[in-house]
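Data block below; observations after.
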Amino acid sequence: MSGVSFRVFVAVSLDGFIARPGGELDWLPGASPEGVPAPADEDHGFEAFMEGVQVIVMGRATFETVRDFDPWPYAGREVTVLSRTWRAPDLPAGCPDLSVHSGPVEELAAGLRARLSGGAQPAGVYVDGGQTVQAFLRAGLIDELIVTRVPVLLGQGRPLFGPLDADLHWKHRRTQAFPSGLVQSTYDRRVT
């Protein structure tokens, strides 16, 4: 490994959706004041996960969902938004350390590996957003998947996984069940 790890931390419904058809996340515990409340005293390891993250890569739709969060959840970290249509001037001024990348994910990953490798600690890149995760998976770039299943059936929505060119094999590292009913599994990419 190059000292740079591309990681996914995502919540999915029991039927494999990461969002409703229109992108709404109201089914996630704590995501909406009208919805299911967030489980007390459960961050599901997100804080510890973020301690190892230096860069977040997300798609434009995901960015548009989180851009107005107050406070900005990614303070102190670089955020790269993948978009073929946006340019740097399209990004809001209130979110520091933002950039846009329009090229292939392989090019972005190579640039991040070159820039982040060689540090005292391994560098973590958090890959977020359905289409972005799918693009990184198709390119064989994801090293770790942390998938938290939320006990809800949506019936329809945006799937986490889309078509792949070949099977991707993973090694199970651990599974943890939380008192709220959420179940989280961590997988490492199996290198063949």
Side-chain angles (χ1 to χ4, degrees), residues 6-39 42-47 49-50 53 55-75 77-105 108-109 125-139 141-142 144-164 168 180-185:
F6 291 85
R7 307 167 71 198
V8 173
F9 191 106
V10 67
V12 298
S13 65
L14 289 177
D15 45 358
F17 298 112
I18 58 169
R20 293 192 188 278
E24 302 87 2
L25 301 174
D26 59 326
W27 57 276
L28 285 172
S32 165
E34 304 83 33
V36 177
E42 287 183 24
D43 90 333
H44 308 105
F46 187 71
E47 212 171 289
F49 171 81
M50 288 301 288
V53 169
V55 177
I56 296 112
V57 176
M58 65 178 66
R60 192 193 76 220
T62 301
F63 178 73
E64 289 175 345
T65 299
V66 302
R67 72 185 287 172
D68 296 326
F69 285 4
D70 187 23
W72 176 241
Y74 307 121
R77 293 178 179 88
E78 295 177 39
V79 176
T80 299
V81 179
L82 294 179
S83 176
R84 291 185 188 103
T85 58
W86 275 14
R87 299 297 172 250
D90 299 319
L91 294 171
C95 301
D97 299 321
L98 283 174
S99 63
V100 176
H101 181 79
S102 62
V105 297
L108 175 61
V125 177
Y126 175 17
V127 179
D128 195 19
Q131 291 180 15
T132 302
V133 169
Q134 290 175 24
F136 273 77
L137 282 168
R138 281 192 301 275
L141 295 169
I142 299 296
E144 178 186 56
L145 285 172
I146 302 171
V147 180
T148 303
R149 289 176 303 284
V150 179
V152 61
L153 294 170
L154 299 179
Q156 60 180 339
R158 296 182 179 177
L160 172 58
F161 302 110
L164 298 170
L168 300 177
S180 63
L182 278 68
V183 177
Q184 183 178 87
S185 296

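Sequence positions, counted from 1, serve as the residue numbers for this chain. All values reported here derive from a predicted model rather than from experimental measurement.
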| remark: In short, salt bridge (Lys or Arg N to Asp or Glu O under 4.0 Å) pairs touching residues 153-162 with sequence neighbours left out are none
| request: Test side-chain contact (heavy atoms from CB on, under 4.5 Å) on V57 and V125 and set out the steps. | output: CA-CA 7 Å; V57 176; V125 177; 3.8 Å; yes
| Under 4.5 Å between any side-chain heavy atoms of S13 and L153, yes or no? | no
| remark: Closest heavy-atom pair, L160 versus Q134, reported as atoms and distance to 0.1 Å, is O-NE2, 3.0 Å
| field | D26 and R20 ion-paired at < 4.0 Å | value | yes
| said: Using a 3.5 Å distance criterion without hydrogens, assess whether the side chain of H44 forms a donor-acceptor pair with backbone atoms of E47. | reply: no
| query | Please walk me through it: do F9 and Y126 pass ring pair (Phe, Tyr, Trp, His ring centres under 6.0 Å)? | reply | CA-CA 7 Å; F9 191 106; Y126 175 17; 7.0 Å; no
| request: Indicate the atoms forming the closest heavy-atom contact of T62 with G130, along with that distance. | output: OG1-N, 4.5 Å
| request: Mind running side-chain contact (heavy atoms from CB on, under 4.5 Å) on Q184 and I146 for me, showing each step along the way? | output: CA-CA 7 Å; Q184 183 178 87; I146 302 171; 3.6 Å; yes
| request: Grab the two heavy atoms, one from P39 and one from P29, that are nearest each other, plus how far apart they are. | output: CD-CB, 3.8 Å
| Positive for side chain to side chain contact (heavy atoms under 4.5 Å, CB included) with M58, one of T65, T80, V66, V127 | V66
| said: If you compare all heavy atoms of A109 against all heavy atoms of L141, which two are closest, and at what distance to 0.1 Å? | reply: CB-CD1, 3.8 Å
| Where the side chain of R149 meets the backbone of G16, is there a donor-acceptor pair that is under 3.5 Å apart? | no
| said: Checking the side chain of E24 only, and the main-chain atoms of A19 only, is there a donor and an acceptor separated by less than 3.5 Å? | reply: no
| remark: Closest non-hydrogen contact found for G59 with T132 is N-OG1, 3.0 Å
| said: Donor-acceptor pair, distance only, cut-off 3.5 Å: does the side chain of D15 make one with the backbone of G155? | reply: yes
| Can you find a heavy atom in the side chain of F17 that is under 4.5 Å from one in the side chain of W27? | no
| request: Using the side-chain contact (heavy atoms from CB on, under 4.5 Å) rule, take L14 and V150 through it: C-alpha gap first, then chi angles, then the decisive distance, then the call. | output: CA-CA 6 Å; L14 289 177; V150 179; over 6 Å; no
| field | Taking every non-hydrogen atom, the tightest pair across V53 and V55 | value | CG1-O, 3.4 Å
| task | Check salt bridge (charged side-chain N to carboxylate O under 4.0 Å, His left out) between R7 and all other residues, then give those that pass, not counting sequence neighbours. | result | E144
| said: Measuring only between side-chain heavy atoms, which start at C-beta, is Y74 closer than 4.5 Å to D128? | reply: yes
| query | Does atom CD of Q131 have more than 12 heavy-atom neighbours from other groups under 6.0 Å away? | reply | no
| Heavy-atom donor-acceptor pair, Q156 side chain to P21 backbone, under 3.5 Å | no
| V133 vs V10, side-chain contact (heavy atoms from CB on, under 4.5 Å): CA-CA, chis, key distance, verdict | CA-CA 10 Å; V133 169; V10 67; over 6 Å; no
| said: What I'd like to find out is whether the side chain of V79 reaches to under 4.5 Å of the side chain of D97, using heavy atoms alone. | reply: no
| Do the side chains of T148 and V12 get nearer than 4.5 Å, heavy atoms only? | no
| query | Who are the salt bridge (charged side-chain N to carboxylate O under 4.0 Å, His left out) partners of D43, not counting sequence neighbours? | reply | none
